[in-house]
Structure formats: structure tokens, C-alpha cells
Amino acid sequence: MKHYTSVHDIDNINSWIEEAKALKANPLKHVTLGQRKTIGLLFFNSSLRTRLSTQKAALNLGMNPIVMNVSGDAWGLEFEDGTIMNGNTAEHIKEAAAVVSQYCDIIAVRAFPSLTDKVKDESEQVISAFLKYASVPIVNMESATGHPLQALTDAITISEHTKKAKPKVVLSWAPHVKALPHAVANSFTQAMQKMDVEFVITHPEGYELNPDITGNTPIIYNQGEAFKNADFVYTKNWSSYKNYGKVLNTDPSWMITKEKIGAAKFMHCLPVRRNVIVEDAVLDSDSSIVIQQANNRTYAAQLVLKKILEDL
Ligand code: SN0
């Protein structure tokens, strides 16, 4: 594999899940594959799981990770072509990506959307510029519209925890005080569409995700109805897509409670706001598999890096 920027780069999700489970069973099996290879992790935004699990994955493959908080520590980067750079940006992505490519065999990038400029966000300005100007493989560690490492993790976790051949999986919106990206929900939707699951989405009206992504997936505006016979309730807040980046609703009746989810397992990519997105009683019970889910971040990343290293 050359790059991993979207769920569409997963050619066969079932075989990827099995490969990831094998890595989890024997994480150091390929510890010489990445020897003397460097991965650069570039963060334009905060991270806990992605930053640590991707380093852990690289170390399990014998790679050397180097990490930078680009927005805090690097020069202000310019992404527009032909600009007179007499403002706040000191370095163009053309030079930056070319330079970092000389230090790294793989570059992984996290860059969230503006949530103010839909056209710019959908153009995936940052990840596209790295794809264009870097000369090494690029891994998406959450971009404006997708979080494919998280989605692969989620697919692995559902496969590990399901008791049925075809479980019912519900993606539920939940309230949040801030405007959050669509990336996790988008990639989760794309992953579930590739898996053999009964998949439905529930959210208040006005919170429809990009219809090009949801496609034929059923959208049920009544959360209780959507949760009937659910095996997995995957929860995430996102801001409005139609009324781009706006918080239309913080209705606490959409919060996930123990009563609502019944016997279903609770999943969330984390970080999660307790008693806003989900009540303590869920997170502090066996219904929650968020910790096990986060552990799988390492093996999802390790599988992706392994596939890239094998094609270097
Ligand atoms: C990010 C998001 O895309 O929603 C990252 C998730 C992996 N989440 C947040 O920004 C949460 C911030 C907050 O204040 O709760």
C-alpha cells in the first residue's frame, strides 16, 4: 500500500480485521520490518490515543518515530499557491513537505477542519498538500473529513466483541457544547458499509451527515426506535453538516444512558465528555468497551504501517 488516507484504502475489511487480530496476538512478530526506518508524526491538533498508539505501533515494527506539534512548534505554514507571504505564515508547505520527506520514510498527519469553510475543509487542504508535495507515503491521523485509523479500530473491535454473525450497529449523535468535526462519524459509516452488519444512524433533524457518505444507510430520527435490538451503540457528536459547523441543538435527552442502550455495548472514539455525551453509569459498567476499543488503535495503526513498509 502506498498511502492510507481514507477507509476506501481498505481493499478487504474482513481480511484486514483478521490480520490485525494476528498482530494483536503477536505484536513483535515483525519487529525487524521497520528497522532503520523513520516515521514522522505531525500534529496540527491535540491527541492522546493517536499520538501514543501510532508510536507504539511503529515501535512494535522496529521503526523510529519522531513527533512534532506543528501548529505550536513549527513555523506557521502556508498552503495557498502564489500568495505573497507577508502575513503570519513563514514557510510554504512545498518546502516543508519536501524537507520532512528527507527525514522520514512515512509521514503521518493530523489536521482538523476549520468548520467554517466547507469548501476548503472538503478539499482536504492539508492532507492533499502533503500527498502532493511529500515524496513518501502519507497516513491520515484524522483529517478534515475522515479518521480512517479510528474506523479500522472500530471494525476490529466490533468483530472481536460480536456474538452474532450479523450484529446490529447504531451510530448515534449525542449532544456536546462545542462544534466537533464529522471525520469520525464519516469514516465509521464507511467502515460499517463495508462490513456484514445491520447499520443505522440516528440523530436529530438537521444533523444529517454528507449524503454522499451516508448513501443508502437508514437514518432514524427517533433514537429509541433506532436502539431497538442494537448490539453496539457507537456514539459521537458532530456539528451540523447542512448548516456547516453550527451547533443546532444540545438537547440532553440525546445523552446515552444505561436504560436506553439495554444489552448493547457502548463504543466511543474518546475523548468523551462524561454526563454530556454519556452518563457515568454506562462508562463505569461492563456495557462500555471504550478502553478495549482504544487498545485496538495500536493494532490498526500497526497493520497500516506494516502494509506501507512492505511496499516501500
Ligand atoms: C475530535 C473529533 O473529531 O471530534 C477528536 C476525536 C478523536 N474530538 C474533539 O475535538 C473533542 C474535544 C472536546 O472538547 O470534547
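Numbering of ligands and ligand atoms starts at 1, following listing order. All heavy atoms count here, side chains included; hydrogens, waters and symmetry mates do not. On a predicted model such as this, the values are computed, not experimentally measured, just so you know.
Counting atoms of ligand 1 from 1 in the listed order, those under 4.0 Å from a heavy atom of E142 are 2 (C), 3 (O), 5 (C), 6 (C), 7 (C). The ligand atoms of ligand 1 that sit less than 4.0 angstrom from a heavy atom of L270 are 7 (C).
Under the 6.0 Å cut-off for aromatic ring centres, Y234 and F188 qualify, their centroids lying closer than that.
Remark: the N275 side chain and the D280 side chain contain an N/O donor-acceptor pair separated by less than 3.5 Å. Checked by atom type, the side-chain pair W16/D11 shows a donor-acceptor distance below 3.5 Å. Side chains of S143 and E124: a donor on one and an acceptor on the other come within 3.5 Å.
The protein non-hydrogen atom at the shortest distance from atom 9 (C) of ligand 1 is L180 CD2, 3.9 Å. In this structure, atom 13 (C) of ligand 1 lies nearest to the protein heavy atom R273 NH2, 3.3 Å.
Among the atoms of N237, none of the N or O lies under 3.5 angstrom from an N or O of ligand 1. Residue contacts with ligand 1: H147 is placed with no nitrogen or oxygen under 3.5 Å of a nitrogen or oxygen of the ligand (distance criterion only). Below 3.5 Å of separation, one finds an N or O of K178 facing an N or O of ligand 1.
Heavy atoms only, all atoms of each residue included: N243 and L248 are closest at ND2-CD2, 3.6 Å.
Note on ligand 1: K236 sits in its first shell, one or more heavy atoms being nearer than 4.0 Å. Residue H176 places a heavy atom under 4.0 Å from ligand 1. In this structure, P181 is part of the shell of residues with a heavy atom less than 4.0 angstrom from ligand 1.
Only one option out of Q223, K236, K260 pairs with S172 in a side-chain hydrogen bond (donor to acceptor under 3.5 Å, both in side chains); it is Q223.
Considering only residues two or more places apart in sequence or on other chains, Q55 meets the side chain to side chain donor-acceptor pair (under 3.5 Å) condition with none of them.
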